[in-house]
Amino acid sequence: MKEIFKITVSLTAVCVVASLILGFVYAKTEHARKLNEEKTEQQTIQGLLGYGAGEKIPSDLKVYPVYRYVITSDKGKTLLGYVLPIKDNKVVLAEMDLSGNPLKIIPITVEPSALSDKAKRDNAVNAVLPKGSKSLYAQTVFVADMGGKRLGYVVPGVTQGFKSFIKLMVSLNPDFTVTGVAVTSAEEDPGLGAEIQKSFFRNQFVGKTIELLKKLKVVKEPLPPNYAAALDPAKAKAKGLTPEQVKEIKEKHLKDNIYALTGATISSRAMTNGVVSTVKKFVYRLDKLNEAIKKEQLSVAF
Amino acid sequence: MNAKQFSNLALLIFLPIFLFLMVFPALVHAATGSGSFKKDTEIQISFGVPVDETWAKDTANYRVFQKTDPDIEIPVTSVTLSPRRTSAVLQFGEALNLSSEYEVQANNVTSDGKVLGNEEFLVKKSEGQILFTIFLGAMLINNFVFTKYLGLCIFFGVSQKKETAIGMGITFTIVMVLSAIMCWALLTFVLHPLHLGFLQIIVFIGTVAIFVQAVDTILRKVNPYLFKKLGVYLVLIVTNCIILAVPLINADSGNGPFESLTLGLGAGLGFALALFLMSCVREKLELCRVPAVFRGLPIAFVVAGLFALSFLGFSGFSIF
Amino acid sequence: MIPKPEWAVSVSPHIRKGISTSWIMWTVSASLMPALILSIYNFGFRSLIITLISVVSCMLVEAISQKALGRSASIKDGSSVLTGILIAFVIPPGVPYYLPIIGAVPAIFIAKELMGGLGYNVWNPALVGRAFLQASFPVAITTAWIAPQQLSKGVWDIFLRPGTVDAISTATPLSVVKQYGMTALTQQFGGLDSIYWNFFLGFKPGCIGETSAALILLGGLYLMARKIITWHIPVSTLASAALIAWIFGGQTWFSGNPLVHVLSGGLMLGAFYMATDYVTSPTLKSAQIVFGVGVGALTVLIRLKGGYPEGVCYAILLMNCLTPAMDEWFKPKRFAPPKAAPVAASK
Amino acid sequence: MNRNLKLIWNGLIPENPIFRLALSMCPAVAVTTSVENGLMLGLAVVFVQVFSSCTVSIFKSFIHPRIRIPAYVIVIALWVTVIDMILPVISPDVYKKVELFVKLIVVFAIIISRLELFASKEPLVPSFFDGMGMGFGFLFGLCLIGAIREFFGTGQLLGYDILGFNPLLIMVLPAGGFFVIGFIMATFNWFEYKITGKIPTSGGAH
């Protein structure tokens, strides 16, 4: 009996000590891990805006997240709620109905930096809503601002790929011309569909205006070799193309459709549909949001 | 108790679990009454009463949108009514995202000339479909051994004899199903409420170890013969990645109780299948003139590679 | 490991019949020649060259590996020739010339010689080669199709310029069905009758030796007449493929088109020449029927629900995985089983 | 030779945990589609092996023999969780690919078997070097497989494009991983046969 007691005590001691050490390490690393995650996201966004690795990021470039919620009001109506950053480092929840008419603007009493955590943000939104209404998080878009002028937008999207979902991000300039496409997660076949992540495919979207996007198709023709070289910065360098030549080739092919990847038409089409529908939805919503902001004379930060 | 009786017993245990998993969610689903996807461009909704054909065929009577995009309607291109006029299939011009939720609002539902009011339908993949997909995925499409490389140590260690392979496979499946559900319960009711998610590795391995110890003790008392046959494997189970991987994957993808159970069952049966097939081939290899430097593990790896090559045929398989 | 006996003594009765392994291999190879000739007519001399490259490289790999493993050379038995022909028959005619050379290595060395040589392999060597190529060069294997009857449009052109795969690529009927649906295929061929007729005769894009159902059927019937293969596996394969295609192939249940599935792709070639391989299919007739049903069903399921437009290769490989187990399950009962030893009382 | 150096050499080649002892094979195939992944997981294993060996060696007299195994498991799980928290801070991108297998280090038979066979009997310093040896042996194995698979599968090494095309894509798929390990093991056997004249029998696998 005494031995059992001894064993139990020592095992418990081992467990307790282990948990304490873990608790300590957890407390030390958790913050750093979260920061790191945010940093990766920031880097993707900055890369899309044209500030890739190694390039200096201007100090007045600011990226503001705008969170969209679907709110079911206490009377059972469906509304949209935008969590918007406004001047003086404050945040508001702007409600509007489904056709885009602004309804109410409610200040949120949380630091903007705390909003990146989903649980905290959900709580903050629910706290300012009247009792009985429900909120459902829908999407985050990013607005980039440089020295008080809008530099562009970064919009996440998702599309059904060959095997599972392809998550992507599209960056647009203020006239809704695509400036970059990034694939954040995809499980396509290596060597076939996985090529959507290669720059020669992604960069085909760059420069396409909203009008071009609306009638964009996927064609099963082979990609012209010099266009392929121009689309891939590494290849362009290897081939000795000057930036002017690259620009010229790209302009020549600007109105082309998307050339499908050989053997992976489904993935190419999925990617194209994803980019087009993401941009279309975003542009539709942004127009409504801009109108509402103007109407309500909201002093948004961007 | 010989291997055959043992496998019969295992069948008796698994069949009810499997049927329960397939049927129960379907019952729950049927009770709420909602729409379902027919294809990636079709949604089926049922009204419960026969509706008027002229009303039903008018696409303007429907508002369809993704749950998170209520402001963007998806235009209905055409509607087909079932012969008894109680259910309709809505067709769309664009492909729907089958893993997200859609809402269908039918305005002024009209039956026999009377307006019954508006009706709303929530459309998502049914629970049964999701579970079946998980099951088939874990067992064949992404077989844990041949595509995820889990449990290789045991896989190569005990696949020399068919008899042991069968026994091991069944024991594994039992332990995996039970530990999957136990780990789910611990994670949901203890670790998450206390914000101790970072302790999951210790807790999971502890759970598996305690569980194996319990099976060991109970078997020793209840059925000494079976214990003698399986005792060796029981110790091996604790230090096997496939057992721990199931709760970890469940925790990572936030699976509910049914999903956790199904993943455990699918992974376990997939492992048993892999073990059995491998043991059949290896028994045959005993009689073959395998080159000397390849004898033993190297040829086993090559054979596993050939299995993996064959299982590539399942890649991209989707039933629904 | 069984010690090698000095004299081979088989079970009585000791009566010799004039059938040897090499005779079977050469007969099977010969019965494939009509399909090869049609393919030269369809796709040009390119298909002959690929077949020759494949045969030569298979023989070379066999010779080298047997030398390296210290085995007596058995090139003359013709098994590597047959494997070479079959590898070439299941790859598209437009592939680069180095592809069959690479495919010969896994087929002969990994799938056959490592497992102990002819008679011991578990998986069909030619199909292992094909699956290996499919995994390694997915783009070439899925796009290098040539539209039939290039003969009239300059056969030497294709032959002389091996790098022009992109320019001559087209889509196989099965990938048309997979991507655009059955109606697109009907439009392309201008009616169902035309589909059946062209598929049966072999005027469609496809792998080198699989296009003509008629010629393969002819070869298969010849093999049956010479009693080299039996009807069990081919018939059960085709029947189950037709059944599954009829049930699941259409918009609603029981509305699929079984004939298109049976005639298209490599199902005929697989059913008569690959699934019937002596070594990799079950020994007993009842097991063979189950094997065939499995091959047919898996083929159509992979075509309809899987990630590839064609599933014959993987279906046969998957059923090969089951062959050793099936030999065990269908083992005939012994007439007088030994009494079960009394279970020792546990301590 | 110095005993400590000998312990490290022992883990690297003669008793290489992957190719000779055939312990903990799962990660060897799963994560090694590139050198980078192999390196990451290998370093995690070195960390866990060294720290658990040292911990067990220091506290061996306090651990009751009957609870030895559970205590070892807890010690390993402790260091695994620690590295699991540290890695995402150091290199989030690679961690994402090897995440599941870092967590699964807890059940790697190699670690617990070294604790049982070595660290529970020997003093701290040899245990440290034994842990280093086994860990680096594992790291070496993973990097070797990773290099072969990355080079043949994608034509790259450590992420740098060398060939510019994919020579044999199958190498990054599961089947290719099995083939590579089988062939490396056979090569090890062949070398041993050339040196000692005997065909070795490969170790028990688990």
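Below, read A as the first sequence line, B as the second, and so on, with proteins coming before strands; counting in each chain starts at 1. Bear in mind the structure is a predicted one, so any value in this text is a computation, not a measurement.
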Practice task
Please tell me if the side chains of B:L199 and D:T81 come closer than 4.5 Å, counting only heavy atoms from C-beta onward.
Solution key: no

Closest non-hydrogen atom pair between [X] and [Y], with its separation:
{"X": "D:L78", "Y": "B:I202", "answer": "N-CD1, 4.2 Å"}
{"X": "D:K103", "Y": "B:L244", "answer": "O-CD2, 4.4 Å"}
{"X": "B:V293", "Y": "D:N189", "answer": "O-ND2, 3.0 Å"}
{"X": "D:A175", "Y": "B:G305", "answer": "CB-O, 3.5 Å"}
{"X": "D:G182", "Y": "B:P298", "answer": "O-CB, 3.5 Å"}
{"X": "B:I205", "Y": "D:A77", "answer": "CG2-CB, 4.3 Å"}

Exercise for the section: Measure from the side-chain N and O atoms of B:Y149 to the backbone N and O of D:P174, and report whether any donor-acceptor pair falls under 3.5 Å. Expected result: yes

Can you tell which part of [X] gets under 4.5 Å to a heavy atom of chain D, answering side chain, backbone, both or neither?
{"X": "B:A304", "result": "both"}
{"X": "B:V208", "result": "neither"}
{"X": "B:L306", "result": "both"}

Handout entry: Largest heavy-atom contact set with chain B, pairs under 4.5 Å, which of D:D84, D:V180, D:L104, D:V106
Key = D:L104

Handout entry: Atom pair CG (D:L100) and CG (B:L150), whose distance is rounded to the nearest 0.5 Å
Key = 6.0 Å

Exercise for the section: Measure the CZ-CE distance between B:F301 and D:M185 for me, rounded to the nearest 0.5 Å. Expected result: 4.5 Å

Practice task
Let me know if D:I105 has heavy atoms under 4.5 Å from chain B in its side chain, its backbone, both or neither.
Solution key: neither

Exercise for the section: Check the pair D:I170 / B:L309 against side chain to side chain contact (heavy atoms under 4.5 Å, CB included), numbers first and verdict last. Expected result: CA-CA 9 Å; D:I170 194 173; B:L309 196 64; 3.5 Å; yes

Exercise for the section: Take the angle between the ring planes of D:F178 and B:F156 and call it parallel below 30°, perpendicular above 60°, tilted in between. Expected result: perpendicular

Handout entry: Over 12 foreign heavy atoms within 6.0 Å of CZ, D:F152
Key = no

